[in-house]
Amino acid sequence: MQETDWQTWAALAVVLTTVVVFALRARRRKSKSGCQSCGSDKSCE
Amino acid sequence: MDQPLETVVLAGNPNVGKTTLFNALCGTVEKVGNYSGVTVSIKKGEFYSPHGRKMALIDLPGCYSLEGGSPDQQIAEQVLLGKDPTYGTPDLVICVLDASNLERHIQITLEIIELGLPVIIALNMVDMAEKSRLRLDPVKLSEELGVPVVPIQANRGKGLTELKQAMRHPLPIAPGAKWKAGDPAARRAFGLTVSQLAARRSSIHSSRLSDRLDLFLLHPIFGWFFFIGIMFALFWSIFSFASIPMGWIESLQDFLIGSVQGIMSEGDLRDLITQGVIGGVGAVVIFLPQILLLFFFIGLLESSGYMARAAFLMDGFMARVGLSGKAFLPLLSSYACAIPGVMATRTIDSAKERLVTIFVAPWMSCSARLPVYLLLVPMLLGGSEGGVKQALIFLSIYVVGTLTAFVVARILRGKLGDDETKSHFLLELPPYRLPQWSYIFRHVLDRGWAFLKNAGTLILGIMILLWAATTYPKLESDDPAKVLAHTVVGRVSHFIEPVVAPLGFDGRTGTAILTSFAAREVFVGSMAQLFQVEVTDDELETRTHIRNSLAAEKWPDGRPMFSAAAVISLLVFYIYALQCLPTSAVVARESGSWKWAVGQFLFMTLFAALASLVVFQVAKLFGLA
């Protein structure tokens with residue numbers, strides 16, 4: 001079996017962490033409606 | 001146990017400086033502008049009285065009376081009448097009055113006094129009143145109304161200490177009405193008498209600078225020349241002034257990549273950092289100077305008073321498409337961001353006109369589209385940046401979006417039919433004022449920070465995932481095309497290519513478009529990664545390299561992939577597509593229905609795809625492909 005170097009494992013760990021963070025953020029940010037690109041209207045009622 | 005905070009409410013006519021006062025008291029950077037209807041929702045803050053007492057401050061949308069019909073005015077009325085369960089009955093109302101227009105602005109104060117609420121008058125913009133030769137007598141005004149009157153200059157922070165002193169305990173008691181309460185005619189007559197006593201006009205009449213400027217700027221012909229000229233200058237500046245700071249960002253990007261390559265040996269993690277993180281995110285961040293310039297110029301237009309003139313100029317045109325000049329201000333706001341634009345439709349009385357304006361507002365090209373346009377427009381002109389031609393193409397892009405919005409608004413307005421509430425366009429033309437530089441710079445920094453934060457979170461995440469999708473699963477081969485075809489992106493591209501090919505795009509461009517549904521500017525970073533742009537050491541090379549790399553791409557039969565037809569088709573797609581979930585969420589809230597938001601999203605996406613298809617196929621007929 002070909003040996004996978006440490007950089008591949010590290011890169012995969014970063015990718016996996018990103019997926020987890022996105023999933024958590026998606027759950028938490030459900031109710032927010034401000035524009036992420038420019039920060040407009042962070043607290044409109 | 002904590003006692004509930006005393007609630008102080010800022011009320012008054014639109015554009016009298018309530019939010020400027022709110023920012024000055026609370027240290028916030030809520031949006032201000034020199035035109036009516038900037039504040040359309042309740043803003044809440046806290047401040048301390050000179051005696052260290054914490055108080056809640058509520059900034060209300062401006063209203064001319066307590067019987068207004070538009071949603072923003074209803075919000076203000078509910079709070080003042082104590083009918084809003086969140087805020088209850090206010091403990092104190094600060095009525096902000098424009099000292100130059102006492103006759104008109106005092107009426108809402110008299111209505112609030114009739115409600116039996118304790119009132120303090122903040123007589124704002126006293127400097128402007130004195131310049132227009134008004135002799136103010138705050139003591140007389142206070143005696144006549146029976147309430148404390150404090151002259152202030154909210155934009156310079158003058159009079160704030162005195163205003164806070166007036167809020168010391170015990171709070172002022174509610175004055176009684178000295179006219180027949182509930183009788184509008186008696187109230188009007190009393191207001192007129194009091195304002196004439198408190199603000200005496202000099203017998204020497206001289207036309208104000210604002211009036212003299214308006215003779216030219218509101219002229220039926222010259223006014224339009226000026227309007228088009230100012231928009232052109234805005235876009236030209238965005239291209240021209242930004243090139244130097246963009247060079248700095250590129251140098252930083254090159255330095256970072258060089259450093260990583262110097263420290264790390266070859267491998268996946270190094271590729272992830274250089275191609276995914278620095279290359280992908282850097283391709284978006286490079287447009288930060290232009291974003292800052294756009295917000296700076298919009299801030300200048302808003303605070304100078306020209307926005308209201310633009311709305312006035314457009315009123316006749318707007319009437320032809322079934323809208324009023326009132327709808328133009330939300331549409332203008334949407335050039336910065338569709339969300340405040342959609343919110344600003346609260347100033348429109350007619351429900352149907354409001355719905356139509358909400359529907360077309362996302363077609364005003366917002367700042368998130370800017371990086372996409374900045375990448376593509378120079379490709380139409382051979383890759384060079386700056387210059388009049390690019391500014392003209394830029395202006396045309398904004399005009400195309402705006403004109404389509406008007407045509408669709410006309411059709412929709414006809415379909416929805418007449419409204420029970422007629423919308424009347426009553427616009428107060430504010431005097432021209434020098435911009436509030438400190439506010440503009442803070443606002444621009446705020447927006448710039450939000451852009452960077454987005455680049456460091458959402459875009460960074462997408463770039464990491466996209467890197468993984470363009471790298472795995474791996475195939476041992478010397479042919480880069482075969483390697484890419486084996487990856488997730490290669491497979492997705494292969495799958496969607498038949499759908500996007502008639503629009504002039506290959507599968508990778510189609511994939512980049514898909515990623516940009518998360519945020520439009522992601523498209524630039526995705527293109528940089530998907531077309532394997534390598535960052536070189538040569539200054540100015542990186543940015544043009546993205547374009548050079550795209551320009552060098554060819555279809556299997558040898559035709560250039562990014563022909564003029566394909567670039568125009570891409571631009572058309574981005575002018576029309578609604579790729580902003582937060583906008584859809586705000587549309588759903590403001591229209592009161594998710595159906596309206598979903599319908600808008602589907603309509604705009606399909607419209608964008610169809611328009612791209614038509615444009616590409618027609619351009620192909622003319623040999624541009």
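Quick note on labels: first sequence line is chain A, next is B, and so on, each numbered from 1. Keep in mind the model is a prediction, meaning the values are calculated, not measured.
Heavy-atom distances place both the backbone and the side chain of Ile462(B) under 4.5 Å from chain A. Only the side chain of Trp467(B) comes within contact range of chain A, with heavy atoms under 4.5 Å apart. Neither the backbone nor the side chain of Thr471(B) comes within contact range of chain A; no heavy atoms are under 4.5 Å apart. For chain A, the nearby part of Leu272(B) is the side chain; its heavy atoms alone come within less than 4.5 Å.
Here the CG-NZ distance, from Asp268(B) to Lys474(B), works out to 3.0 Å after rounding to the nearest 0.5 Å.
Proximity of a side-chain donor or acceptor of Gln600(B) to a complementary backbone N or O of Ile358(B) within less than 3.5 Å is detected. Not a single donor-acceptor pair under 3.5 Å links the side chain of Arg520(B) to the backbone N or O of Tyr574(B).
In terms of non-hydrogen atom pairs under 4.5 Å with chain A, the most contact-rich of Ser265(B), Cys366(B), Cys580(B) is Ser265(B). Note: Leu458(B) leads Leu458(B), Leu581(B), Ile273(B) in heavy-atom pairs under 4.5 Å with chain A.
The nearest pair of heavy atoms linking Val587(B) to Ser591(B) is O-OG, 2.6 Å.
Donor-acceptor pairing under 3.5 Å is recorded for the side chains of Gln579(B) and Ser516(B).
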